[in-house]
Q: 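This structure is in structure tokens; I'll ask about it shortly.
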Amino acid sequence: MKKVFSLLLVAVLVLSLAGCGNKAKDNAADTNNNVTTEETGRFKAGTYEGTAKGFGGDVTAKVTLSSDRIEAIEVTGDSETSGIGSVAIEQLPGAMVAAQAVDVDGISGASVSSGAVKEAVTAALTLAGVDVNSLKPVVSDETTEAKEETLDVDVVVVGAGGAGMTAALEAKAAGMNVILVEKAAYAGGNTLRATGGMNAAETELQKELGIEDSIEVFVKDTLEGGYNLNNVELVTVMAEKSSEAIDWLATIGAPLTELSFSGGATYKRIHRPAGGQGVGSYIAEALIKNIDENEIPVYFNTTATEILVNEAGEAVGITAESKDTNYTINAKAVILATGGFGANEELYTSYRPELEGFVTTNVPSATGDGIVLAEEIGAGTVDMEQIQIHPTVEQTTSLLITESVRGDGAILVNQSGVRFGDELRTRDVVSASVIEQEGGYAYLVFDQQLRDELSAVEKYIDNGIVVQADSIEELAAELEMDADTLKTTVDTWNEAVLSQNDTEFGRDTGMEHTISEGPFYAIKIAPGVHHTMGGLEINTSAEVISTEGAAIPGLFAAGEVAGGIHGGNRIGGTAVTDIVVFGRIAGTSAADYVKGLE
């Protein structure tokens with residue numbers, strides 16, 4: 001079984017290595033006090049160290065050279081994202097030694113950590129007097145044919161994101177022999193990017209806090225937010241099973257113990273981890289731990305290429321490819337959990353040409369593979385043109401700024417320092433209002449109170465995307481705004497909070513704290529492609545529906561690969577509800593189907 005690593009949230013950012021040879025001398029140290037040189041060798045034998053800035057902190061490389069080759073590379077970076085950045089730290093050194101070069105493929109989705117490893121190794125080699133650009137990767141003259149391997153299981157799950165891992169656990173709990181296939185080098189998928197929380201109604205936490213939410217209001221909010229394009233039956237099942245899903249997460253080690261508001265919600269419904277930690281990485285870490293404990297194999301760097309169908313039209317497995325193996329995986333049921341297509345600009349612009357050039361918050365693997373594979377065997381799709389842009393995305397890093405920042409009291413101002421609407425309207429409405437501002441961007445403004453209550457802010461600060469100042473006037477200066485205007489805006493907002501009456505825009509949620517305790521903070525944001533509401537048509541049992549309107553026997557889908565749940569606009573916090581509720585349904589439905597074949 002391939003080892004599954006625990007995960008935390010990561011941003012997709014390409015780190016340029018241009019000029020790293022000049023920086024190397026400042027970031028490298030010779031750790032060998034008795035370096036010897038063989039005049040006939042390529043290198044000065046010895047051990048050298050280099051450092052670079054990674055995603056979470058310093059990455060250090062220790063490179064050991066003989067006179068004619070790179071003998072070993074050891075890299076440490078304890079602050080890198082576990083399960084993503086850590087994969088780069090674990091895998092790239094061996095690849096570099098094998099290639100005898102720094103120029104090897106990085107880990108998709110871990111660009112920052114991959115770049116840091118390369119830069120740290122470059123620094124060490126530069127100290128040794130090595131011209132890194134002269135090191136050309138060793139290419140074997142031998143042509144190795146991929147081996148063929150056949151696997152036989154009860155259920156194969158394609159995609160090891162939140163929905164896929166949830167489905168695999170439920171199928172396993174029902175007695176099934178299960179494997180997961182994941183085309184990336186790590187588990188988690190787009191779930192890793194979920195930062196706010198999970199919507200659920202009639203939960204024990206709501207009851208403890210005296211919040212009189214209901215299934216009916218949750219359904220109503222979801223349908224209104226989706227402009228009533230949603231499949232009502234799917235929405236109702238999701239809402240009805242949302243509280244149960246919260247309870248289930250607690251049983252696997254991921255209790256959600258805090259509540260916040262999200263745009264489009266009538267009540268405090270978004271459940272999140274203690275301290276305001278990003279919900280996606282938190283849940284993914286628990287899921288992976290349970291996948292390990294249940295000994296469910298995960299085949300990483302393995303891409304599904306076909307859904308196998310027998311003469312009766314039943315899904316009976318998949319074919320898949322890794323770098324060195326072609327798999328035929330015979331299964332009695334197939335669950336697709338490959339995510340949406342928000343990282344496939346060619347595909348989403350075929351439905352929405354105006355989104356060309358937008359940044360995306362999606363992981364690189366979210367390219368719509370499962371949708372395409374299912375369509376090839378006659379699956380139907382719904383709402384493919386319904387593509388959501390998220391209003392608060394930091395454009396240089398593609399980091400999504402969690403909805404909880406606004407839900408906990410932040411405001412949005414334009415370059416003039418003026419608010420321009422209710423910050424907790426639905427995502428599409430807030431996105432459109434940001435685009436209408438001068439330059440098509442805005443700033444989230446908040447204070448130390450919010451930072452203290454929402455740990456997700458620390459990630460933004462660590463990534464250098466937050467402007468900080470001791471006073472509102474100084475913050476205005478940093479943002480090149482008129483200080484009096486921004487001060488008036490904040491003072492007016494504070495008065496609205498104290499009176500619980502936003503006379504300017506009628507905001508009536510997320511108004512529990514004023515912006516009054518320094519330091520003060522701002523993050524520049526603009527919209528980015530975030531969620532594809534369309535996908536495969538499914539029913540309430542997570543069965544995939546054909547273009548002829550009938551369930552395809554043995555084929556199930558859950559998560560963003562499926563459409564119909566969110567309609568024309570997804571309410572913040574409902575994607576996590578979707579993956580947990582329908583992930584569980586897909587797993588149990590697949591198990592029931594398999595048992596029915598016996």
Q: Considering only heavy atoms from C-beta outward, does the side chain of T402 approach that of R272 to under 4.5 Å?
A: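 In short, these two side chains do not touch, never coming nearer than 4.5 Å.
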Q: Using side-chain heavy atoms (C-beta onward) and a distance below 4.5 Å, is F341 in contact with I387?
A: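 F341 reaches I387 side chain to side chain.
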Q: If you compare all heavy atoms of A45 against all heavy atoms of S67, which two are closest, and at what distance to 0.1 Å?
A: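 Answer, listing the atom of A45 first, then S67: CB-N, 4.1 Å.
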Q: Are side-chain heavy atoms of Y282 and P255 found at a separation under 4.5 Å?
A: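 With C-beta onward as the side chain, the pair touches.
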Q: Should I70 and L65 count as side-chain neighbours, where that means a heavy-atom distance under 4.5 Å?
A: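 Yes, their side chains come closer than 4.5 Å.
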Q: Begin with the C-alpha distance, continue with both residues' side-chain angles, and end with the deciding distance and a verdict on side chain to side chain contact (heavy atoms under 4.5 Å, CB included) for R42 and L135.
A: CA-CA 11 Å; R42 298 171 62 206; L135 300 178; 3.5 Å; yes
Q: Apply side chain to side chain contact (heavy atoms under 4.5 Å, CB included) to the pair V97 and R69, showing each step before the final yes or no.
A: CA-CA 9 Å; V97 172; R69 64 179 279 107; 4.3 Å; yes
Q: Check the pair M165 / I288 against side chain to side chain contact (heavy atoms under 4.5 Å, CB included), numbers first and verdict last.
A: CA-CA 7 Å; M165 289 189 285; I288 290 166; 3.5 Å; yes
Q: Report the residues that fulfil side-chain contact (heavy atoms from CB on, under 4.5 Å) with A95, sequence neighbours left out, ordered by chain and then residue number.
A: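 Checked A95 against side-chain contact (heavy atoms from CB on, under 4.5 Å); matches are V104.
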Q: Which residue, V157, L169, N294, I335, forms the side-chain contact (heavy atoms from CB on, under 4.5 Å) with V178?
A: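 Testing each of V157, L169, N294, I335 against V178, the sole residue satisfying side-chain contact (heavy atoms from CB on, under 4.5 Å) is V157.
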Q: Using the side-chain hydrogen bond (donor to acceptor under 3.5 Å, both in side chains) rule, pick out the option among N326, T325, T328 that qualifies with E148.
A: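 Result for side-chain hydrogen bond (donor to acceptor under 3.5 Å, both in side chains) with E148: N326.
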Q: Determine the sole option in V466, T392, T195 for which the side-chain contact (heavy atoms from CB on, under 4.5 Å) test with I401 is passed.
A: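 Filter result, single survivor: T392.
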Q: State whether K332 and D154 are salt-bridged, where the test is any N-O pair (Lys NZ or Arg NE/NH1/NH2 against Asp/Glu carboxylate O) under 4.0 Å.
A: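 Counted as a salt bridge, because a side-chain N and a carboxylate O are separated by less than 4.0 Å.
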Q: May I ask you to check whether F446 and Y521 place their ring centers less than 6.0 Å from one another?
A: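 They qualify: ring centres under 6.0 Å apart.
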Q: Checking side chain to side chain contact (heavy atoms under 4.5 Å, CB included) for the pair V363/R193: CA distance, chi angles, key distance, verdict?
A: CA-CA 8 Å; V363 293; R193 302 298 182 86; 3.7 Å; yes
Q: Contact between I371 and M384 at the side-chain level, heavy atoms closer than 4.5 Å - yes or no?
A: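 Yes. Closest side-chain heavy atoms under 4.5 Å.
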Q: Could you check whether any side-chain heavy atom of V561 comes within less than 4.5 Å of a side-chain heavy atom of V158, counting everything from C-beta outward?
A: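 The answer is no, as the side chains (C-beta and beyond) never meet within the 4.5 Å cut-off.
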Q: With a 4.0 Å cut-off on N to O distance, would you call K289 and E285 a salt bridge?
A: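 No, this pair does not count.
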Q: Looking at side-chain heavy atoms only, is the closest gap between V75 and L92 below 4.5 Å?
A: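 A side-chain contact is absent here, since even the closest heavy-atom pair is not under 4.5 Å.
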Q: Using every non-hydrogen atom in the two residues, find where A88 and I107 come nearest and quote the distance to one decimal.
A: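 The pair with the smallest heavy-atom distance is CA-CG1, 3.6 Å.
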Q: Distance from F582 atom CZ to T166 atom OG1, nearest 0.5 Å?
A: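 Rounded to the nearest 0.5 Å, the CZ-OG1 separation comes to 13.0 Å.
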Q: Let me know which of N301, T338, D369 forms a side-chain hydrogen bond (donor to acceptor under 3.5 Å, both in side chains) with K183.
A: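 For K183, the side-chain hydrogen bond (donor to acceptor under 3.5 Å, both in side chains) check succeeds only for D369.
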Q: Could you check if a side-chain atom of L536 sits within less than 4.5 angstrom of a side-chain atom of T381, using non-hydrogen atoms only?
A: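 The answer is yes; the side chains approach within 4.5 Å.
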Q: Which atom pair, heavy atoms only, marks the closest approach of G342 to V529?
A: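 Taking every non-hydrogen atom into account, O-CG1, 3.8 Å.
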Q: How close do I329 and V181 get, counting heavy atoms only, and between which atoms?
A: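 Looking at all heavy atoms of both residues, the closest pair is CD1-CG2, 3.7 Å.
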Q: Between I579 and G559, which heavy-atom pair has the shortest distance, and what is it?
A: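 In this case the closest contact between I579 and G559 is CG2-CA, 4.0 Å.
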Q: Looking only at heavy atoms, which two atoms of L336 and G370 are closest? And how far apart?
A: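 Heavy-atom minimum between the residues: CD1-O, 3.8 Å.
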